[in-house]
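What follows is a short report on a single structure.
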Amino acid sequence: QLQLGESGGGLVQAGDSLRLSCAASARTFRGYVMGWFRRAPGKEREFVGAITAVSGSTKYADSVKGRFTISRDNAKNTVYLQMTSLKTEDTAVYYCGATTTFRNSERDYEYNNWGQGTPVTVSS
């Protein structure tokens with residue numbers, strides 16, 4: 001089973017940038033669509049974006065489109081979430097997940113593998 005571990009979270013100010021990483025334990029990583037989700041305090045987990053296994057096609061939630069970028073390095077078994085122009089409403093615990101569907105990658109129930117999450121706090 002694929003094991004995932006996020007890192008890179010922290011406390012930043014509004015307008016700052018931050019890059020999150022998600023490292024996978026197995027070479028089978030390269031066969032998975034990878035998604036990023038977040039859960040803000042008191043809210044449900046929400047989709048942030050996803051990237052296909054090989055071509056690198058991406059899609060994003062409207063709330064982060066134009067500010068966040070997902071990329072992956074299959075040689076390093078790692079997916080990244082580059083966040084720019086951070087807002088206080090981006091404060092959340094960020095999770096990466098692995099799935100086999102890009103079409104339905106906005107749906108968290110499509111994911112069988114999750115990391116433990118990394119917290120991001122954006123102060124005003």
Side-chain angles (χ1 to χ4, degrees):
Q1 184 172 354
L2 195 66
Q3 292 184 324
L4 304 172
E6 303 92 338
S7 62
L11 173 62
V12 296
Q13 292 188 326
D16 285 352
S17 298
L18 199 62
R19 189 177 81 159
L20 307 183
S21 299
C22 171
S25 62
R27 292 181 181 179
T28 53
F29 163 84
R30 62 194 64 187
Y32 286 93
V33 172
M34 297 300 296
W36 284 96
F37 285 73
R38 66 186 182 186
R39 176 175 284 155
K43 295 187 178 181
E44 294 187 354
R45 184 163 54 190
E46 66 171 353
F47 174 75
V48 173
I51 186 167
T52 56
V54 177
S55 69
S57 296
T58 55
K59 57 180 173 181
Y60 301 93
D62 288 344
S63 59
V64 306
K65 199 172 295 182
R67 299 188 299 121
F68 290 12
T69 303
I70 296 175
S71 61
R72 66 190 296 162
D73 185 337
N74 285 341
K76 296 182 178 180
N77 292 348
T78 302
V79 62
Y80 304 97
L81 179 65
Q82 178 69 50
M83 305 184 292
T84 64
S85 302
L86 281 162
K87 305 175 181 180
T88 55
E89 51 263 44
D90 294 319
T91 294
V93 177
Y94 284 72
Y95 300 88
C96 66
T99 181
T100 56
T101 174
F102 185 68
R103 179 178 181 179
N104 296 327
S105 55
E106 302 93 338
R107 305 175 184 176
D108 61 0
Y109 58 78
E110 294 286 356
Y111 292 75
N112 292 321
N113 299 278
W114 292 98
Q116 80 287 350
T118 186
V120 173
T121 302
V122 184
S123 64
S124 59

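Computed from heavy atoms alone, side chains included, the values below leave out hydrogens, waters and symmetry copies. No experiment lies behind these values; they were computed from the predicted model shown.
Tyr94 is connected to Leu2 through a chain of hydrophobic side-chain contacts under 4.5 Å among Ile, Leu, Val, Met, Phe, Trp and Tyr, so both are in one cluster. Linking Ile, Leu, Val, Met, Phe, Trp and Tyr residues whenever their side-chain heavy atoms come within less than 4.5 Å leaves Tyr111 and Met34 in two separate clusters.
One distance of note links OG1 of Thr52 with CD1 of Ile70; it measures 10.5 Å at 0.5 Å rounding. Going from atom CZ of Phe68 over to atom OG1 of Thr58 covers 13.5 Å, rounded to the nearest 0.5 Å.
In this structure the side chain of Val33 never reaches within 4.5 angstrom of the side chain of Thr100, judged on heavy atoms. At a threshold of 4.5 Å between non-hydrogen side-chain atoms, the residues Glu110 and Ser105 do not count as touching. When side chains are defined from C-beta on, Val64 counts as touching Arg38, because their heavy atoms get closer than 4.5 Å. The shortest distance between side-chain heavy atoms of Leu4 and Cys96 falls below 4.5 Å. The side-chain heavy atoms of Met83 and Leu20, taken from C-beta on, include a pair separated by under 4.5 Å. The shortest distance between side-chain heavy atoms of Asp16 and Val122 does not fall below 4.5 Å. Using a 4.5 Å heavy-atom threshold, the side chains of Val120 and Leu18 count as touching.
Taking Ser71 as the reference, Tyr80 meet the side chain to side chain contact (heavy atoms under 4.5 Å, CB included) condition, with sequence neighbours excluded. Remark: Arg45 engages Phe37, Arg39, Tyr95, Asp108, Trp114 in a side chain to side chain contact (heavy atoms under 4.5 Å, CB included) (not counting sequence neighbours).
Screening residues 33-67 for disulfide (SG to SG under 2.5 Å) gives no qualifying pairs among residues at least two apart or on separate chains.
Salt bridge absent: Lys87 and Asp90 never bring a charged side-chain N and a carboxylate O closer than 4.0 Å.
Proximity of a side-chain donor or acceptor of Ser25 to a complementary backbone N or O of Gln3 within less than 3.5 Å is detected. In this structure, the side chain of Asn74 engages the main chain of Ala53 through a donor-acceptor pair within 3.5 Å. In this structure, Ser123 contributes its side chain and Val12 its backbone to a donor-acceptor pair below 3.5 Å. No donor-acceptor pair closer than 3.5 Å links the side chain of Lys59 to the backbone N or O of Glu106.
Both tests pass for Arg72 against the ring of Phe29: distance under 6.0 Å to the centre and angle within 45° of the axis.
Side-chain contact annotation: Thr88 with Thr91, donor-acceptor N/O pair under 3.5 Å absent. For the residue pair Thr101/Thr99, the side-chain donor-acceptor check at 3.5 Å is not satisfied.
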